[in-house]
Amino acid sequence: FLCEPGLPPGQIIGGYEAKPHSRPYMAYLRVEHDKKIFQCGGFLVKRKFVLTAAHCQGDNINVTLGAQNIKQQEPSQQVIPVRRQIPHPEFNQKTLKNDIMLLQGDSGGPLVCGKEAQGIVSWGSKDGTPPAVYTRVSPFRPWIQETMDKV
């Protein structure tokens with residue numbers, strides 16, 4: 001993974017822009033916490049459930065689905081308030097161990113390989129340049145399924 005000097009933060013090297021609306025499972029989270037606003041990514045794992053990082057907890061979260069460009073209003077966008085945040089019971093905020101959370105809506109970006117979610121961004125540089133650390137999803141599948149089945 002190479003970065004060219006002078007590229008703006010968030011620039012993707014060697015990638016391509018996805019075909020509009022070809023990733024309907026992608027979620028944008030607008031998180032309010034302690035009077036501050038920040039953003040997280042996530043993805044829809046089941047109707048009414050979004051999987052994201054546990055460090056994305058907040059006082060108020062809205063999930064946007066169906067957006068190609070979050071900075072523009074699009075007819076396909078749905079903004080859903082989060083009713084319940086379910087962080088992994090063993091999440092450690094200092095070490096970011098078990099940095100995974102389900103968000104239940106009334107209706108935080110995955111690492112996708114071969115059309116299957118492999119990870120959730122856990123941490124990295126604030127300007128979006130590599131490296132980034134991901135929480136692997138597969139070990140949490142039993143917890144994810146069990147938690148969704150209980151609710």
Report summary line: Residue pairs meeting salt bridge (Lys or Arg N to Asp or Glu O under 4.0 Å), one or both in residues 30-40, sequence neighbours left out, come to Arg30-Glu32
**Report entry** Polar side-chain atom of Asp99 near backbone of His55 as donor-acceptor pair, under 3.5 Å
**Finding:** yes
Query raised in the report: Just how far is it from atom CD of Glu90 to atom CZ of Phe140, taken to the nearest 0.5 Å?
Result: 8.5 Å
Report task. Kindly write out the residues that satisfy salt bridge (charged side-chain N to carboxylate O under 4.0 Å, His left out) with Glu146, not counting sequence neighbours, or none if the list is empty. Result -> Lys150
Query raised in the report: If you look at every heavy atom in Ala54 and Asn98, which pair is closest and at what distance?
Result: CB-O, 4.3 Å
**Report entry** Contact summary for Thr95 and Asn92, nearest pair of heavy atoms
**Finding:** N-OD1, 3.0 Å
Requested in this report: Please work out whether the ring planes of His88 and Trp143 are parallel, tilted or perpendicular, with thresholds of 30° and 60°.
Outcome: tilted
Query raised in the report: What is the minimum heavy-atom distance between Ser76 and His21, and which atoms define it?
Result: OG-CE1, 3.0 Å
Report task. For Val151, check side chain to side chain contact (heavy atoms under 4.5 Å, CB included) against everything at least two apart and list the hits. Result -> Phe49, Arg84, Ile86, Gln104
Requested in this report: Determine, stepwise, if the pair Val45 / Val50 fulfils side-chain contact (heavy atoms from CB on, under 4.5 Å).
Outcome: CA-CA 6 Å; Val45 291; Val50 169; over 6 Å; no
**Report entry** Under the side chain to side chain donor-acceptor pair (under 3.5 Å) test, residues paired with Asn69 that sit two or more places apart
**Finding:** none
Query raised in the report: Are the side chains of Ile144 and Leu51 in touch, meaning some heavy atoms are under 4.5 Å apart?
Result: yes
Report summary line: Closest non-hydrogen atoms of Gly58 and Ile61, given as atom of the first, atom of the second and distance, are N-CD1, 3.9 Å
Requested in this report: Let me see the working for Arg23 and Phe43 under side-chain contact (heavy atoms from CB on, under 4.5 Å), right down to the final yes or no.
Outcome: CA-CA 9 Å; Arg23 308 288 191 270; Phe43 59 99; over 6 Å; no
Report task. Please test Val82 against Val63 for side-chain contact (heavy atoms from CB on, under 4.5 Å), starting from the C-alpha separation and ending with a verdict. Result -> CA-CA 7 Å; Val82 170; Val63 173; 3.6 Å; yes
**Report entry** Counterpart residues, side chain to side chain contact (heavy atoms under 4.5 Å, CB included), relative to Gln77 (two or more places apart)
**Finding:** Thr64, Ala67, Gln73, Glu74
Report task. Check whether any side-chain heavy atom of Gln57 sits under 4.5 Å from a side-chain heavy atom of Leu103, and report yes or no. Result -> no
Requested in this report: For the residue pair Val31 and Asn62, establish whether any side-chain heavy-atom pair is separated by less than 4.5 Å.
Outcome: no
Requested in this report: Please say whether more than 12 non-hydrogen atoms of neighbouring residues, nucleotides or ligands are located less than 6.0 Å from NZ in Lys97.
Outcome: no
Requested in this report: With sequence neighbours left out, write down each residue that passes ring-ring contact (aromatic ring centres under 6.0 Å, His included) with Tyr28, or none if nothing qualifies.
Outcome: none
Requested in this report: Find the distance between CG (Asp59) and CD1 (Ile37) and round it off to the nearest 0.5 Å.
Outcome: 11.0 Å
Requested in this report: Using the ring pair (Phe, Tyr, Trp, His ring centres under 6.0 Å) rule, take Phe38 and His33 through it: C-alpha gap first, then chi angles, then the decisive distance, then the call.
Outcome: CA-CA 8 Å; Phe38 62 96; His33 186 67; 7.2 Å; no
